[in-house]
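Please read all numbers here as calculations on a predicted model, not as lab measurements. When a ligand or atom number is given, it counts from 1 through the structure's own listing order.
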Amino acid sequence: MTAYYAGASAPSFAVANRLEAYAATAEFDRPTLVIDVDRVETQFEALKAGLGRADIHYAVKATRIPRSSSASCGSARISMRPRAVRSSCACPKARPEHVSFGNTIKRVSDIAFAYNAGIRMFAVDAEEELEKIAEHAPGAQVYVRLIVETSSADWPLTRKFGCDRDTALKLLDRATELGLEPLGFSFHVGSQTRHAEMWVPVLDELSRIWTAAQEAGHRLQLLNIGGGFPAFYGEEIQAPTDYAAAVMELVEARFPGAERVMAEPGRGMVAEAGVIACEVMLTSRKSDRDMHRWVYLSIGRFSGLAETEGEAIRYQFVTPHDGEATSPCILAGPSCDSADVLYEKRPMNLPLNLKSGDRVLIRNTGAYTSTYSSVCFNGFPPLDVVIL
Ligand SMILES: *Cc1c(COP(=O)(O)O)cnc(C)c1O
């Protein structure tokens with residue numbers, strides 16, 4: 001083997017913006033997610049332009065903004081999951097009346113905490129949850145999450161959450177009996193639903209339930225359309241404003257009397273505002289006959305790239321050797337768990353010259369990376385977060 005490099009030669013990246021320029025050159029002592037807050041604001045404005053009258057509630061589970069940063073959620077309202085109620089995930093500047101507690105599975109102490117903090121809107125998909133809310137957040141507003149059977153998302157959120165039509169109608173009645181105020185319905189079309197047309201079967205299915213509830217005498221005021229707004233991972237997507245406007249047009253045609261529409265983008269708001277800087281730890285072949293090289297990165301399934309599970313989300317990698325000859329690689333994380341393989345069924349083409357120590361950027365990774373990263377599995381530190 002010949003030496004490919006003088007170790008000190010500075011890598012050169014073809015970077016796309018100031019975020020990538022920073023991530024390519026700054027010093028990091030571990031895998032780091034760099035977030036450009038201005039870019040979050042741009043995405044918010046772009047989505048807002050398309051969503052029109054719908055209120056945007058940012059889904060805070062999508063990323064971790066360190067407590068020390070001065071970043072806010074702009075003018076977005078927020079939707080949160082249990083731990084975010086108390087933790088640094090929550091946006092410190094959000095007003096309680098703009099916060100909705102969107103997980104259907106809540107600890108009673110978290111319900112009470114949220115209620116005491118002034119939060120009044122809660123999601124439900126089961127009778128027992130209604131009872132918990134009635135006891136610990138008396139008089140609160142609730143919306144019933146409907147199950148989605150027809151998602152064509154890259155990262156579906158079906159099955160685990162929501163309930164069917166008959167259960168939903170019963171829950172509306174039960175909420176009233178318990179002294180709560182039922183507002184309407186919510187659903188999630190599935191995360192990374194790449195095109196607005198993919199919403200059609202879901203909206204068709206759910207609008208029948210909406211109509212059935214109205215016919216049964218329920219006054220529905222709220223439709224919460226959840227998230228699903230896509231990010232660019234290499235496969236074509238619609239621009240955020242066009243996408244959001246197309247979704248709203250489909251919604252307006254199907255849900256008569258929905259005075260209030262709310263949307264909860266997570267990925268669509270923050271994914272493209274982030275880039276991860278990591279490095280190659282090893283390249284190898286298992287035998288002389290091995291078809292593919294193995295490339296091991298300093299970040300893996302357990303330290304931020306959880307959405308590579310099932311190879312569902314296929315990230316884009318930027319290296320200092322882009323433009324040079326490539327070959328198919330099996331890409332893996334550094335931990336000793338054999339599940340820590342990122343892409344194997346569909347290997348990733350990477351430059352032949354890539355070697356240990358090279359920095360690698362992973363594009364559009366602002367969503368579902370920092371919040372998924374484990375604390376110290378196998379001794380690897382969690383994904384660091386830097387805000388520009
Ligand atoms: C995760 C989540 C969202 C955000 O979904 P994205 O696909 O990231 O936009 C919205 N609403 C609820 C209830 C969620 O759990």
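Figure legend: cation-pi geometry between Lys106 and Phe122 absent, as NZ or CZ is not positioned both under 6.0 Å from the six-membered ring centre and within 45° of its axis. The cationic group of Arg120 lies under 6.0 Å from the six-membered ring centre of Tyr115 and within 45° of the ring axis, placing it in a cation-pi geometry.
Every atom of ligand 1 with a heavy atom of Gly266 under 4.0 Å away is listed here by number and element: 4 (C), 6 (P), 8 (O), 9 (O). Short contacts between ligand 1 and Arg267, defined as distances under 4.0 Å to a heavy atom of the residue, involve ligand atoms 6 (P), 8 (O), 9 (O). Taking every heavy atom of Arg145 and a limit of under 4.0 angstrom, the matching atoms of ligand 1 come to 13 (C). Near Ser191, the atoms of ligand 1 lying under 4.0 angstrom from a non-hydrogen atom of the residue are 6 (P), 7 (O), 8 (O). Ligand 1 places these atoms under 4.0 Å from at least one heavy atom of Gly228: 6 (P), 7 (O), 9 (O). Of all atoms in ligand 1, numbered sequentially from 1 with element shown, those under 4.0 Å from a heavy atom of Glu264 are 3 (C), 4 (C), 9 (O), 10 (C), 11 (N), 12 (C), 13 (C).
Side chains of Ser327 and Arg293: a donor on one and an acceptor on the other come within 3.5 Å. With hydrogens and angles left out, the side-chain atoms of Asp173 and Thr176 include no donor and acceptor closer than 3.5 Å.
Less than 6.0 angstrom separates the ring centroid of Tyr315 from the ring centroid of Tyr233. Aromatic ring centres of Tyr243 and Phe229: separated by under 6.0 Å.
Between His188 and ligand 1, an N or O atom pair is found at a separation short of 3.5 Å.
Using a 4.0 Å cut-off between heavy atoms, Met269 makes no contact with ligand 1 at all. Of the heavy atoms in Pro265, only backbone atoms (N, CA, C, O) come closer than 4.0 Å to ligand 1.
Distances from ligand 1 to the non-hydrogen atoms of Ala62 include no value under 4.0 Å. Residue contacts with ligand 1 include Tyr368, since one of its heavy atoms falls under 4.0 Å from the ligand.
With Asp322 contributing its side chain and Thr319 its backbone, the two residues share a donor-acceptor pair below 3.5 Å.
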